[in-house]
Amino acid sequence: MTFDDETLMAYADGELEATTRAAVEAAMAVDPALAQRVAQHRALRSRLCSAFDPVLSEPIPERLLAAARGAAAPAHPARVIPLRRTPAARWSWPQLGALAASLLLGALLGAWLLRTPTPLGTRDGTLLAAGALARALSEQLAGTQPADAPVQIGVSFRSHSGEYCRTFVLREKQTFAGLACHERDEWRLLALAAGEGQRETAGYRPATSALPAAVASTLDALIAGEPLDAGAEASARQHHWNP
Amino acid sequence: MEENGAPGRSAATGQRLSGPDLQQQLIALLPRLRRFARALARDAHDADDLVQLALERALARADQVRPDAELGGWVFGILRNAWIDEMRSRARRARLFVPAELAEHMGGGGSQPAHAELLAVEEALARLPEEQRSAVALVLIEGLSYKEAAHVMQVPVGTLTSRLARGREALQEMLGDS
């Protein structure tokens, strides 16, 4: 009598009912190959267990105990929040969130805005990209941009309202990450987060998972479908980002 | 499943866990939740973030849990769904920044010893498709029965079994039999 591998697996996992179990055992007694296969299934289980069981005896981080007691600040319960919300000391992001024009004058942006030429402007209370930032948003392609360009374009995508939007990181005296959407030949900023001063490790950039929450959640809220691939990005540029 | 029920309320019916009971049970589950999350997420820091997210969601949905239901399976399901959400969200943002050299800097919590065997197993597990990885983690690492694991993954037992079989085969190939 032969048994398929799923049956042998189920036998090794103790999942067979008595009759089949007895049949497998009878077959194993006369067929060493079957017995060996079962042994392999068991060995894999014990190998996995001995790899992961040590986690059980690790001390539980205090923040998890607090979360289990409901003490941690609840995240938005129903939405995806980026992991590593606190990327340790290396990269902390005061969150500006969806920008109100008044925030522009905040101390955080103040020093940066005083620089000339400034890469931001306002009109009618809307924050717009200007200067080098606007040029990069209009011209740079994620796949071909120089690694040392002061503005790094991230992902480009269509929003639910059909506009083209792009994320970027701007590295100057301070580092900023943001998201801008193209509307009537202008790049309107919808999210901006400032990094802590510059901790210049060569080529240091935030990892995907370290994306500032304000920018990540704006992205998640705006994006319709999937991001543009390289071809769609180039074609959008060719059409001057007009839908 | 009720709506608008505040966690821990309507104790009069005796149907629901009180807030403190639920919290105690979640705390008791923490070691296993961390182990399960580690099997899914690999990176220790990511895994703990995932556990935290699952705890927050579980508490926010406390009105859905019943004392006679298996709490562990319910929270495992929440944790796995949070992981799937995170994977999708990451895939969408994959091109946002260049993570290569940085991922190494930020990886790990620095707390685990660099255990070669653990690394090999984690590496192999991480290469499985999510469905197979979850099946393997629930049955082989967490010791759930096929039925319980299928329930957590919201699939028929037959589907769970074939995912488990494929995952196992792939792992045996990667890790070498023995």
Side-chain angles (χ1 to χ4, degrees), chain A residues 5-6 9-10 13 15 40-41 43-45 47-58 60-61 63-65 67-70 72 74-75 77-78 80-85 87-88 90 142 147 152 154-155 157 167 169 201 203-211 216 219-220 223 226-227, chain B residues 19 23 26-27 30-32 34-35 38-39 41 45-46 48-53 55-57 59-61 82 85-86 88-90 92-99 101-103 105-106 111-112 115 117-118 121-122 125 136 139-141 145-146 161-162 164-165 168-169 171-172 175 177-178:
Chain A
D5 203 47
E6 270 189 30
M9 175 186 93
D13 290 338
E15 291 275 345
Q40 283 171 348
H41 283 313
L44 181 67
R45 181 194 278 264
R47 194 164 171 189
L48 287 167
C49 287
S50 47
F52 284 94
D53 282 354
V55 176
L56 293 176
S57 46
E58 288 177 10
I60 306 283
R63 66 177 173 122
L64 296 185
L65 291 168
R69 293 190 200 102
V80 178
I81 59 169
L83 295 184
R84 258 195 220 109
R85 276 157 296 168
R90 300 187 71 115
Q152 292 288 319
V155 71
F157 61 96
T167 62
V169 168
T201 320
Y204 185 75
R205 294 175 211 168
T208 305
S209 49
L211 181 64
L219 169 66
D220 283 339
I223 191 168
E226 296 298 311
Chain B
Q23 291 171 17
L26 287 175
I27 288 172
L30 272 173
R32 289 187 67 203
R34 292 186 76 233
R35 179 174 61 177
R38 193 80 59 91
H45 197 287
D46 279 356
D48 279 345
D49 280 352
L50 204 54
V51 173
Q52 182 169 350
L53 190 52
L55 293 169
E56 288 166 4
R57 290 184 179 180
L59 287 171
R61 297 173 201 167
D85 287 349
E86 172 64 17
R88 286 191 184 133
S89 178
R90 272 190 202 181
R92 250 187 311 165
R93 295 189 222 121
R95 287 170 51 223
L96 193 42
F97 297 114
V98 181
E101 76 275 31
L102 184 75
H105 289 141
M106 301 195 62
S111 60
Q112 323 146 261
H115 193 268
E117 166 67 6
L118 175 60
V121 173
E122 282 182 341
L125 205 51
V136 167
V139 174
L140 298 185
I141 299 175
S145 70
Y146 290 1
T161 314
S162 65
L164 181 64
R168 225 166 181 151
E169 197 175 341
L171 284 176
Q172 278 164 344
L175 294 169
D177 288 351
S178 68

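Lettering of chains follows the sequences in order, A, B, ..., and the numbering in each one begins at 1.
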Worksheet entry | Value rounded to 0.5 Å, distance of CD1 in I60(A) from CG in D48(B) | 8.0 Å
Discussion item. Any heavy-atom pair between the side chains of R34(B) and P61(A) that's under 4.5 Å?
Written reply: yes
Practice prompt. List the steps, then state whether side chain to side chain contact (heavy atoms under 4.5 Å, CB included) holds for D13(A) with L164(B).
Written response: CA-CA 11 Å; D13(A) 290 338; L164(B) 181 64; 3.8 Å; yes
Worksheet item: So how far is it from I141(B) CD1 to R47(A) CZ, rounded to the nearest 0.5 Å?
Response: 12.5 Å
Item to complete: Run the salt-bridge test on D49(B) and R63(A) with the 4.0 Å N-O cut-off and return the result as yes or no.
Response: yes
Worksheet item: So which of A82(B), P31(B), S145(B), S162(B) has the biggest tally of heavy-atom pairs under 4.5 Å with chain A?
Response: P31(B)
Worksheet item: Rounded to the nearest 0.5 Å, what separation is found between the CD atom of Q40(A) and the CZ atom of R168(B)?
Response: 11.0 Å
Fill in: Under 3.5 Å donor-acceptor, R35(B) side chain and C49(A) backbone
no
Worksheet item: Looking at T161(B), L26(B), V51(B), L171(B), which makes the most heavy-atom pairs under 4.5 Å with chain A?
Response: T161(B)
Worksheet, complete the sentence: Taken to the nearest 0.5 Å, the spacing of H41(A) NE2 from L140(B) CG works out to 10.0 Å
Discussion item. Could you measure the distance from the CD atom of E122(B) to the CG atom of L48(A)? Nearest 0.5 Å is fine.
Written reply: 11.0 Å
Worksheet item: With a 4.5 angstrom heavy-atom cut-off, which part of L125(B) approaches chain A: side chain, backbone, both or neither?
Response: side chain
Worksheet item: Are the charged groups of R88(B) and E226(A) less than 4.0 angstrom apart, N to O?
Response: no
Discussion item. Taking the basic N atoms (NZ, or NE/NH1/NH2) and the acidic carboxylate oxygens, is any pair closer than 4.0 Å for D53(A) and R32(B)?
Written reply: no
Item to complete: Side-chain contact test, heavy atoms from C-beta onward, threshold under 4.5 Å: evaluate it for Y146(B) versus M9(A) and give yes or no.
Response: yes
Worksheet, complete the sentence: E6(A) and A165(B) have their tightest heavy-atom pair at CG-CB, 3.7 Å
Worksheet item: Can you tell me how far the CD1 atom of I27(B) sits from the CG atom of L64(A), to the nearest 0.5 Å?
Response: 10.5 Å
